[in-house]
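The next block holds one structure in the form of structure tokens; read it before the comments.
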Amino acid sequence: MSKLRVAVIGARGRMGAEAVRAVSAADDMELVAALGRGDPLTALTDAGAEIAVELTQPDSVMENLEFCVRHGIHGVVGTTGWTDGRIAELEGWLAASPGTGVLVAPNFGIGAVLTMRFAQQAARFFESVEIVELHHPGKADAPSGTAVRTARLIAGARQAAGLGEQPDATSTALDGARGASVDGVPVHAVRLRGLVAHQEVLFGDEGEIFTLRHDSMNRGSFMPGVLLGVRRVGGVPGLTFGLEHFMDLDG
Ligand SMILES: NC(=O)C1=CN([C@@H]2O[C@H](COP(=O)(O)OP(=O)(O)OC[C@H]3O[C@@H](n4cnc5c(N)ncnc54)[C@H](O)[C@@H]3O)[C@@H](O)[C@H]2O)C=CC1
Ligand SMILES: O=C(O)C1=N[C@H](C(=O)O)C[C@H](O)C1
């Protein structure tokens with residue numbers, strides 16, 4: 001059986017370097033290109049890449065994906081910064097390139113995907129909810145893409161259940177003291193040397209607290225999810241948002 005021809009964009013970064021190792025070690029994949037900042041995107045087509053793993057930064061990801069989609073190269077994207085406008089732009093490129101698939105995964109960690117799912121399920125049972133995301137101090141953005149996605153899933157579930165605004169009598173004396181509101185869910189970002197990627201979702205109601213916590217202790221934790229995406233994306237044209245769509249969560 002022929003191997004999947006895989007490229008990594010952002011190959012010299014923290015995640016990209018790990019992805020280069022993981023793809024190189026996979027029996028069913030061949031690493032055909034490893035691009036860093038400044039390398040021309042034509043290296044992807046020159047190398048005959050079928051799938052590009054995109055692990056750069058929010059200010060680079062759109063240009064890279066536009067090139068990939070226009071050239072029929074499937075994308076497995078971990079880079080953050082996804083707004084509704086960006087998603088619509090990506091969907092526009094994909095509509096003009098039928099057969100091409102892009103997976104955007106806010107988090108490749110299996111436990112992180114489960115945390116999001118469980119948070120969505122728990123949301124309608126609790127009056128209060130807040131998210132704390134904790135990351136290494138080299139992280140470029142805040143709040144994390146995972147926290148934004150988690151907050152949106154929770155907010156959607158609260159709305160569907162008819163829950164209104166959360167109780168909060170606090171008047172904020174200092175900007176940021178109550179975190180950032182993502183669709184009404186407070187999100188707090190911690191940046192601390194020694195951390196990798198962690199998230200807590202705290203639910204509260206009369207007399208009880210329910211906490212979901214996920215910890216990525218190293219970037220190897222993301223690689224099974226990256227490889228799953230690489231194996232599946234070519235068979236799923238269009239945009240897939242969230243690794244859960246490639247996992248049998250209800251099985
Ligand atoms: N979805 C997930 O599970 C995960 C997502 N991430 C996200 O992935 C992204 C990368 O994270 P890190 O590896 O920690 O960042 P990093 O800063 O260590 O690596 C990014 C790399 O991309 C390179 N780069 C930037 N623009 C480029 C371009 N146009 N072409 C080629 N290379 C380019 C940079 O020079 C750097 O080497 C971030 O958005 C982060 O939030 C990080 C960990 C897990
Ligand atoms: O930058 C990181 O490190 C991470 N970024 C992603 C995010 O913003 O959610 C995924 C994970 O949290 C690690």
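Atoms within each ligand, like the ligands themselves, are counted from 1 in listed order. Bear in mind that the values here come from a model prediction, so they are computed numbers and not experimental data.
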Check your understanding: Near Glu89 CD, under 6.0 Å, is it more than 12 heavy atoms from other residues, nucleotides or ligands?
Key -> yes
[atom] [closest protein heavy-atom partner, distance rounded to 0.1 Å]:
{"atom": "atom 5 (C) of ligand 1", "result": "Gly78 O, 3.0 Å"}
{"atom": "atom 13 (O) of ligand 1", "result": "Met15 N, 2.8 Å"}
{"atom": "atom 26 (N) of ligand 1", "result": "Ser60 OG, 2.7 Å"}
{"atom": "atom 23 (C) of ligand 1", "result": "Gly10 CA, 4.0 Å"}
{"atom": "atom 14 (O) of ligand 1", "result": "Arg14 NE, 2.9 Å"}
{"atom": "atom 39 (O) of ligand 1", "result": "Thr80 OG1, 2.8 Å"}

Contact atoms of ligand 1, heavy-atom distance to [X] under 4.0 Å:
{"X": "Lys139", "value": "41 (O)"}
{"X": "Ile9", "value": "30 (N), 31 (C)"}
{"X": "Asn107", "value": "1 (N), 2 (C), 3 (O)"}
{"X": "Gln57", "value": "15 (O), 16 (P), 17 (O), 20 (C)"}
{"X": "Phe108", "value": "1 (N), 2 (C), 3 (O)"}
{"X": "Pro106", "value": "1 (N), 2 (C)"}

Please tabulate, one line per pair, the protein nitrogen or oxygen atoms found under 3.5 angstrom from a nitrogen or oxygen of ligand 2, with distances to 0.1 Å, or say none if there are no such pairs.
unit_1, atom_1, unit_2, atom_2, d
ligand 2, 1 (O), Lys139, NZ, 2.9
ligand 2, 3 (O), His136, NE2, 2.9
ligand 2, 5 (N), Lys139, NZ, 3.1
ligand 2, 8 (O), Lys139, NZ, 2.7
ligand 2, 8 (O), Gly145, N, 2.8
ligand 2, 9 (O), Gly145, N, 3.2
ligand 2, 9 (O), Thr146, N, 2.8
ligand 2, 9 (O), Thr146, OG1, 2.5
ligand 2, 12 (O), His135, NE2, 2.6

Judged by heavy atoms only, the candidate from Val196, Thr56, Val8, Asp141 nearest atom 38 (C) of ligand 1 is Thr56
Judged by heavy atoms only, the candidate from Gly145, Ser221, Gly36 nearest atom 30 (N) of ligand 1 is Gly36
Under 4.0 Å between heavy atoms, the region of Phe222 that gets near ligand 1 turns out to be side chain
At under 4.0 Å between heavy atoms, what of Asn64 touches ligand 1? The answer is side chain
task: Ignoring hydrogens and angles, state whether a donor on the side chain of Thr150 or Gln199 is under 3.5 Å from an acceptor on the partner side chain.
output: yes
Under a side-chain separation threshold of 4.5 Å, the hydrophobic residues clustered together with Met217 are none
Residue pairs meeting side chain to side chain donor-acceptor pair (under 3.5 Å), one or both in residues 235-246, sequence neighbours left out, come to Arg149-Glu244
The ring pair (Phe, Tyr, Trp, His ring centres under 6.0 Å) partners of Phe67 (sequence neighbours excluded) come to His71
Look at the aromatic rings of Phe126 and Phe203 and report parallel, tilted or perpendicular, splitting at 30° and 60°.
tilted
